[in-house]
Amino acid sequence: MYDFKYQKASSVADAAKVIGGDSEAKLVAGGMTLIPTLKQRLAKPTQLVDLGGIAELKGIKKDGNAIVIGAMTKHVDVANSPEVKSAIPALADLAAHIGDPAVRNRGTIGGSISNNDPAADYPSAVMALNATIVTNKRKIAADDFFKGMFETALGADEIVTAVSFPIPEKAAYMKFPNPASRYAIVGTFVAKTGGNVRVGVTGAGPVVFRWKDAEAALGKSWNADALKSLSVKADGLNSDIHASSEYRAHLVGVMARRAVAKAG
Amino acid sequence: MPSVTLTVNGKKATAEVENRTLLVQLLRENLGLTGTHVGCDTSQCGACVVHVNGVSVKSCTLLAVQAEGADVLTIEGLAKGNDLHPMQAAFRENHGLQCGFCTPGMVMSAVDLANKNKNPSEHEIREWLEGNICRCTGYHNIVKAIKAGAEAMAGGR
């Protein structure tokens with residue numbers, strides 16, 4: 001690991017000022033991706049700004065017809081939250097299967113979506129539930145947030161402060177995990193909210209995407225069989241030692257059907 | 001050089017570290033607590049699991065400076081003198097190890113599980129061990145040990 005300066009931010013404004021003035025500075029939330037990246041010398045930040053001490057970024061609350069989760073809320077706290085379990089059990093279930101227990105004790109929702117790993121779990125839920133990403137500057141719709149592999153709409157001094165998830169009528173997440181890392185080889189989140197169906201797919205492509213053919217079919221008939229005749233094209237999907245693009249395309253359908261069955 | 005002060009196994013400790021020093025390096029190299037192991041060094045194997053503020057974390061994936069002020073419990077802090085912690089005793093009783101390299105992390109993870117779940121099922125134990133890898137053999141005796149250890153902890157032994 002290359003050395004760097006380190007500071008604990010006392011507030012979001014404080015952290016934004018540092019990263020706004022130094023393009024080589026990096027924020028650290030739970031550090032579950034950043035620290036392994038630093039250890040492999042894949043990044044060489046000048047300084048790390050630790051968000052761990054900012055109390056205003058933590059916590060879960062029900063706000064009208066939405067569950068609002070602070071950016072520094074850990075996966076374990078989402079998984080165990082009575083509010084999330086009762087309003088959006090699919091989201092608690094997703095959080096309960098990220099990585100392993102020690103990772104869930106450190107990793108955060110804000111870190112996960114800001115990092116935007118193509119195989120991360122949360123982006124699929126953000127897309128399928130049509131969540132709103134709240135930053136220190138504005139509110140960003142899910143469809144506008146995830147731009148590409150490890151790339152988001154966040155500006156240079158912009159920090160995710162919370163994610164607001166509208167409460168769905170039905171939702172479920174199914175993933176085919178990598179047996180070692182538990183990252184999604186393919187993960188599919190299906191949700192029906194206010195009569196609208198959205199399907200978010202992670203792991204399959206360079207960035208999370210919506211499977212619109214499945215959304216249309218499930219909009220007509222919320223049933224796993226409604227997806228049987230649909231398929232996803234392998235072109236442009238990820239291909240690596242774990243799974244070919246053809247296999248991932250196949251898994252998108254399988255995980256989507258299982259998710260619909262699980263959602264009931 | 002930054003100075004980090006934290007509580008380790010109930011005692012205050014201060015160490016001079018670099019910002020890039022990992023918690024596991026502070027424990028092993030500054031404090032000489034070599035019971036916490038470094039296996040994969042890529043956050044997967046769990047040999048380095050310790051408790052930070054009461055919950056299990058991978059100490060190879062936490063900067064020492066991030067642990068400023070934290071309460072850290074390592075494998076050395078479990079036994080009371082010559083009396084093994086019930087989870088350690090259960091690992092011995094059930095032969096829950098072969099080479100022993102993964103054992104400190106296994107035991108620390110297991111204690112965290114038993115603190116949260118007094119009577120974990122075999123399935124829950126196996127799921128919990130997703131982040132702890134043993135390369136000697138299967139996990140059969142480790143799972144048996146954790147079940148027995150959790151029962152002993154719940155029984156106050």
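Numbers restart at 1 for each chain; the letters A, B, ... are given by sequence-line order, proteins then strands. Bear in mind the structure is a predicted one, so any value in this text is a computation, not a measurement.
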Sort out for me which of [options] touches chain A most, counting heavy-atom pairs under 4.5 Å.
{"options": "B:Val57, B:Val49, B:Val52, B:Thr61", "answer": "B:Thr61"}
{"options": "B:Lys58, B:Gln44, B:Gln66", "answer": "B:Gln66"}
{"options": "B:Ser56, B:Ser109, B:Gly131", "answer": "B:Ser56"}
{"options": "B:Val65, B:Thr21, B:Asn132", "answer": "B:Val65"}

For the residue pair B:Leu31 and B:Val8, establish whether any side-chain heavy-atom pair is separated by less than 4.5 Å.
->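 Yes, close enough: below the 4.5 Å cut-off.
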Exam field: side chain [X] to backbone [Y], donor-acceptor pair closer than 3.5 Å:
{"X": "A:Lys175", "Y": "A:Phe189", "answer": "no"}
{"X": "A:Asp100", "Y": "B:Leu129", "answer": "no"}
{"X": "A:Lys170", "Y": "A:Val190", "answer": "no"}

Checking B:Arg20 against A:Tyr2: charged group under 6.0 Å from the ring centre and within 45 degrees of the axis?
->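 Not satisfied by the 6.0 Å and 45° rule.
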Residue among A:Gly31, A:Pro101, A:Gly53, A:Ser181 with most heavy-atom pairs under 4.5 Å to chain B |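 Ranked by contacts with chain B, first place is A:Pro101.
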Among A:Gly52, A:Pro36, A:Ala102, which has the most heavy-atom pairs under 4.5 Å with chain B?
->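 Of the candidates given, the most pairs with chain B belong to A:Ala102.
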Heavy-atom proximity to chain A below 4.5 Å, by part of B:Leu113 =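 For B:Leu113, no heavy atom lies under 4.5 Å from chain A.
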Can you tell which part of B:Leu22 gets under 4.5 Å to a heavy atom of chain A, answering side chain, backbone, both or neither?
->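 Only the side chain of B:Leu22 comes within 4.5 Å of chain A.
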Going by an N to O cut-off under 4.0 Å, is there a salt bridge joining A:Arg248 and A:Asp240?
->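 So A:Arg248 pairs with A:Asp240 through a salt bridge.
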Where on [X] is there a heavy atom nearer than 4.5 Å to chain B: the side chain, the backbone, both, or neither?
{"X": "A:Leu48", "result": "side chain"}
{"X": "A:Asp3", "result": "both"}
{"X": "A:Val76", "result": "neither"}

Mind listing the closest non-hydrogen atom pair of B:Leu33 and B:Glu76 along with its distance?
->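 In terms of heavy atoms, the two residues are closest at C-OE2, 3.3 Å.
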Should we say atom CZ of B:Arg126 is surrounded by more than 12 heavy atoms from elsewhere, each under 6.0 Å from it?
->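 More than 12 within 6.0 Å, yes.
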